[in-house]
Amino acid sequence: MKKIALASGILLHLYSYKAQDTVQSRNLQQDIALINTNSPLKESTPFFKKDWVKKSVAPAILFTAAAATWGEKENIREVRNRYLPNFKVKYDDYLQYAPAVAVYGLKLGGVKGRNNVGRATLSYGASLLIMGILVNSIKYTAKVERPDGSKNNAFPSGHAAMAFTNASFLHKEYGMVNPAYSIAGYGSAAITGLGRNLNNRHWVPDILAGAGIGIISTELGYFFIDKIYKNKGDNLSVLSRIQGNDYPSFLALKMGTALGTTNFLKESELDDKKQTGFEGGLEGAYFFSKKWGVGADITFSSFPIKSQRITFDDGQDFGEHEIKTQSMGFLAAGIGPYFSHEFSDKWQLMLKVTGGYSATASGKVFVKGDNIDAPNHELQIARYKPKPAFRWNTGASMTYKFNPGLGLTFYTDYNLINSTIRYHFSDDIKESAELDQELNNLIAKEKISYITLGLRLTAFF
């Protein structure tokens with residue numbers, strides 16, 4: 001009996017111990033589950049979704065573009081001199097302020113923006129202060145001569161910096177109300193920058209750098225004032241959040257490298273290599289559904305022509321000479337159907353086919369040699385004038401959207417122009433009836449095709 005009682009006690013004790021262990025084990029597992037449920041591990045934000053990264057993209061692109069075009073700034077100015085050498089319209093002195101005037105006009109009109117007028121003014125003032133310090137400290141350190149030779153304070157453009165500071169001010173205050181405000185602000189800023197180039201007051205890199213400084217100055221101005229107020233806006237609760245549109249209508253600024261697939265002056269025998277140039281312009285489309293729309297573009301592209309070496313071997317020693325041809329420039333516009341497909345909220349594919357008009361700049365042909373008694377040892381022997389022609393264009397693009405209203409687009413386009421070029425030679429040749437008849441009626445039909453690879457800053461509306 002004692003043995004049975006003793007065995008029962010031992011078994012009961014073992015059972016109680018096991019039960020207690022099971023309960024403890026169960027409670028431990030439950031506690032771990034509870035901790036995991038109530039205190040989830042903090043997930044890291046992907047790099048390209050970080051707020052500071054998204055805000056740095058546009059200035060980084062502009063600064064990179066300024067550096068990339070620095071070595072070509074004189075060639076780009078030469079294009080301006082050929083198209084609009086006498087352009088003098090000072091609209092850029094006034095248009096730079098238009099976005100800021102629009103902000104205060106909207107506020108006085110009772111349109112709710114991100115902030116009330118007092119705080120908006122503080123943010124704007126901080127932005128202007130940062131922009132002024134950056135622009136002037138660089139201007140009077142770099143001491144870059146203006147293209148018109150007036151002063152040594154070209155880089156960066158103060159007008160462009162002011163214009164893009166004001167455009168970013170409008171975007172900050174009213175871009176979330178309607179993306180059209182942002183598009184209008186940045187559009188006017190871009191036209192201001194173009195005016196600085198057309199008026200021969202700034203090189204293209206000056207304008208691009210100024211634009212980047214303007215945008216980043218506004219971002220910093222708002223950053224510091226938001227820290228003081230400890231929030232990101234007075235009226236955020238009463239403003240509707242930015243919502244993606246059902247249709248992918250857009251307006252974009254674009255710039256890229258253009259790669260010739262043919263020798264542009266092959267029939268004229270003025271080049272023997274395919275050219276590499278640049279392209280810039282505006283592009284936009286209005287979509288009637290999620291897939292289909294009609295779009296158009298206005299682009300300018302320029303291609304330098306490599307000099308051709310010639311040697312006179314008619315028994316006289318004239319030495320080596322070069323035939324130099326001014327770069328070819330194309331101002332084109334086209335319209336046609338666009339197709340869009342969204343892979344996700346972030347990635348969008350777009351295809352297009354357009355047809356339109358292309359005007360080509362006239363140019364000059366020189367012979368250069370050490371024994372030529374002329375400035376730069378160059379003598380003009382001819383000028384060329386291409387006729388306006390039809391341009392056929394097709395392309396594809398892929399856009400990464402930072403948010404539903406703004407994206408960065410990689411694009412590739414193919415362009416084809418069948419150009420007819422007439423050559424007119426110098427007055428000296430006209431003195432010979434035979435040479436005048438043969439040379440001044442010279443017409444060459446050139447097939448001009450090139451592929452463009454570039455980036456667009458795309459605003460959706």
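We number each residue from 1, following the sequence as shown.
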Out of curiosity, Asp148 CG to His202 NE2, how far, rounded to the nearest 0.5 Å?
-> 9.0 Å
dist Ser358:OG -> Ile448:CD1 (nearest 0.5 Å) comes out at 7.5 Å
Do you see a donor-acceptor pair shorter than 3.5 Å between the side chains of [X] and [Y]?
{"X": "Ser217", "Y": "Ser127", "value": "no"}
{"X": "Glu283", "Y": "Tyr338", "value": "yes"}
{"X": "Asn152", "Y": "Tyr140", "value": "no"}
{"X": "Asp93", "Y": "His159", "value": "yes"}
{"X": "Thr192", "Y": "Asp92", "value": "no"}
{"X": "Ser168", "Y": "Tyr186", "value": "yes"}
{"X": "Asn115", "Y": "Asn235", "value": "no"}
{"X": "Thr409", "Y": "Thr458", "value": "yes"}

Is there a donor-acceptor contact under 3.5 Å from the side chain of [X] to the main chain of [Y]?
{"X": "Thr360", "Y": "Lys385", "value": "no"}
{"X": "Tyr411", "Y": "Leu453", "value": "no"}
{"X": "Glu446", "Y": "Glu267", "value": "yes"}

Lys139 to Asn153 - nearest heavy-atom pair and separation | NZ-O, 2.6 Å
Report yes if the side chains of Arg114 and Tyr222 come closer than 4.5 Å at any heavy-atom pair, otherwise no.
->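 A side-chain contact exists here, since the closest heavy-atom pair is under 4.5 Å.
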Are Asp206 and Arg201 ion-paired here, with the side-chain N under 4.0 Å from a carboxylate O?
->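 Result for this pair is no, no salt bridge flagged.
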Would you call Asp297-Arg456 a salt bridge at under 4.0 Å N-O?
-> no
